[in-house]
A.B. asks: 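Handing you a structure now.
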2 protein chains.
Amino acid sequence: MAATEISSPKRDHLMATAWRLFYRDGLRVVGIDTILAEAGVAKMTLYNHFASKEELIIAILEKRDREFRESIAARVDAAGPDPVARLLAVFDWLEGWFASEGFKGCVFIRALSEYPEPTHPIHQTAWRHKIAIQAALTNLCAAAGAKDPAALANTLSLLIDGAIVAAHATQTTAPAHAARATAASLLKLATA
Amino acid sequence: MAATEISSPKRDHLMATAWRLFYRDGLRVVGIDTILAEAGVAKMTLYNHFASKEELIIAILEKRDREFRESIAARVDAAGPDPVARLLAVFDWLEGWFASEGFKGCVFIRALSEYPEPTHPIHQTAWRHKIAIQAALTNLCAAAGAKDPAALANTLSLLIDGAIVAAHATQTTAPAHAARATAASLLKLATA
DNA sequence: AATAAAATAGACAGGTCTGTATATTTTATG
DNA sequence: CATAAAATATACAGACCTGTCTATTTTATT
């Protein structure tokens, strides 16, 4: 039976359990059996929903991509109408993320690292997320009056990814502040 | 017999082979047997030189750390006496690295991702490298007249790590240019 | 040449991994 | 209730993993 993509309780539960373990310990190091034992689900159930571990990982990454972007968008909207505040809200969101319990970096950056071959489906799925984030940033930069919004968004993306890695290793929120301050400076330069 | 740290031809050869495979495919996915087969060395020889795979990885990371910093320092010195040129030379070095054959990102960032637990010896070894790079950047920023060289170096580190991840995924040198231009702008701001 | 050190092959332990097969039981749905 | 779908337990294949052990051979050093 081919793997379905339709949502179902078992499928959702498997994805939630797998996500937790993958994020905590790593994509390669967590085995199918561990996920099944933790979820209390039979092996064939997993393989009826997902053709392979790779497909499970990709499904999780795509789900996290949606959730991530929705979460950021909510924070941006909560910042009100001022376009500068909206852009900087992204960095406030970052700070909250860095401070969250069990923060261990960005699963997408980690996926890029764990599957370093650029042609690998998991690598490509992870990078698509970064592209999508950058597109959202471009809109915010444009609204804030940046002369070259795509270029600024690109630079801010570098800053954000660097901050994520630093926050992961140091387990502090300081990188969010540094990135935020730099973003504010760069935005000022880009609109002057 | 305890693992020695003294350099020897076999030890060096093992480290070179392991480095190549680890960088190409990943730390966790490359097994001891694969390294041995590729190096043409007996298993007991490896385990006489290294107590474990973990120790082998750490030895390689520490070696790469030294080589990395020496390579950057050489490029900086080749840039001459102008302190601004010296700082920006780091980004030229980045560009050359991104363009190199088989570039797959930074093994230290990848190690942070593959061993996401901050207390893990490999994670900590990888982060020490980033700290060391930041210290060198601080010196360059100070020489270039930055008012808060440590803060600027910290920000440039974020930029650099973000650029490395982006260059890895896109397989282009563009992130080096973006980072370089941003670094020049930030330096100007920090010295004004 | 004699001795000590290093490296070798190969088997082995005990565990892990992904994915498949089978036969049974539970759960939905008409 | 009857039928179909989903999920179950369990075993299995075949490969991989790290690290150890032993007995032998090669390489250095004196």
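Throughout, a chain's letter reflects where its sequence line sits, starting with A, and its residues are numbered from 1.
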A.B. asks: Output the single nucleotide from dT20(C), dA7(C), dG10(C) whose closest atom is nearest the side chain of Lys43(A).
C.D. replies: dT20(C)
A.B. asks: Between dA9(D) atom P and Asn48(A) atom CG, what is the distance in whole Å?
C.D. replies: 14 Å
A.B. asks: How long is the line joining CD1 of Ile32(B) and C1' of dA15(D), in whole Å?
C.D. replies: 18 Å
A.B. asks: Expressed as a whole number of angstroms, how long is the span from Asp25(A):CG to dT16(C):C1'?
C.D. replies: 15 Å
A.B. asks: Measure from CZ on Arg28(A) to C1' on dT16(C) and round the result to the nearest Å.
C.D. replies: 15 Å
A.B. asks: Step through it carefully: locate the ring centre of Phe68(A), locate the ring centre of Trp93(A), and say whether they are under 6.0 Å apart.
C.D. replies: yes
A.B. asks: Considering just the side-chain nitrogens and oxygens of Lys10(B), establish if one lies under 4.0 Å of OP1 or OP2 belonging to dA7(C).
C.D. replies: no
A.B. asks: Is His49(B) near enough to dA6(C) that one of its side-chain N or O atoms lies under 4.0 angstrom from OP1 or OP2?
C.D. replies: no
A.B. asks: Consider the side chain of Met44(A), meaning its heavy atoms from C-beta on, and name the nucleotide among dT8(C), dT18(C), dT8(D) that approaches it most closely.
C.D. replies: dT8(D)
A.B. asks: What is the distance, to the nearest angstrom, from the OH atom on Tyr47(A) to the C1' atom on dA9(D)?
C.D. replies: 17 Å
A.B. asks: Just how far, in rounded Å, is P of dA7(C) from CG of Leu36(B)?
C.D. replies: 13 Å
A.B. asks: Before you tell me yes or no, could you show the steps for Lys104(A) and Glu117(B) under salt bridge (Lys or Arg N to Asp or Glu O under 4.0 Å), namely the whole-Å CA-CA distance, both residues' side-chain angles and the distance that decides it to 0.1 Å?
C.D. replies: CA-CA 7 Å; Lys104(A) 285 193 179 174; Glu117(B) 183 58 48; 2.7 Å; yes
A.B. asks: Measure the distance from CD1 on Ile35(B) to C1' on dT18(D) and round it to the nearest whole Å.
C.D. replies: 11 Å
A.B. asks: Grab the CG-C1' distance between Asp12(B) and dA7(C) for me, whole Å please.
C.D. replies: 16 Å
A.B. asks: Going by distance alone, is a donor N or O of one side chain under 3.5 Å from an acceptor N or O of the other, for Ser113(A) and Arg110(A)?
C.D. replies: no
A.B. asks: So which heavy atom on Pro121(A) is nearest to which on Ile58(A), and how close?
C.D. replies: CB-CD1, 3.8 Å
A.B. asks: Counting heavy atoms from C-beta on, name the nucleotide in dG19(C), dA9(C), dG19(D) closest to the side chain of Lys53(A).
C.D. replies: dG19(C)
A.B. asks: Closest to the Thr34(A) side chain: dT20(D), dA9(D), dC17(C)?
C.D. replies: dC17(C)
A.B. asks: Could you please name the option among dT8(D), dA9(C), dC17(D) that lies closest to any side-chain atom of Asp33(B)?
C.D. replies: dC17(D)
A.B. asks: As a test of understanding, state which of His177(A), Arg75(A), Arg180(A) forms a side chain to side chain donor-acceptor pair (under 3.5 Å) with Asp92(A).
C.D. replies: Arg180(A)
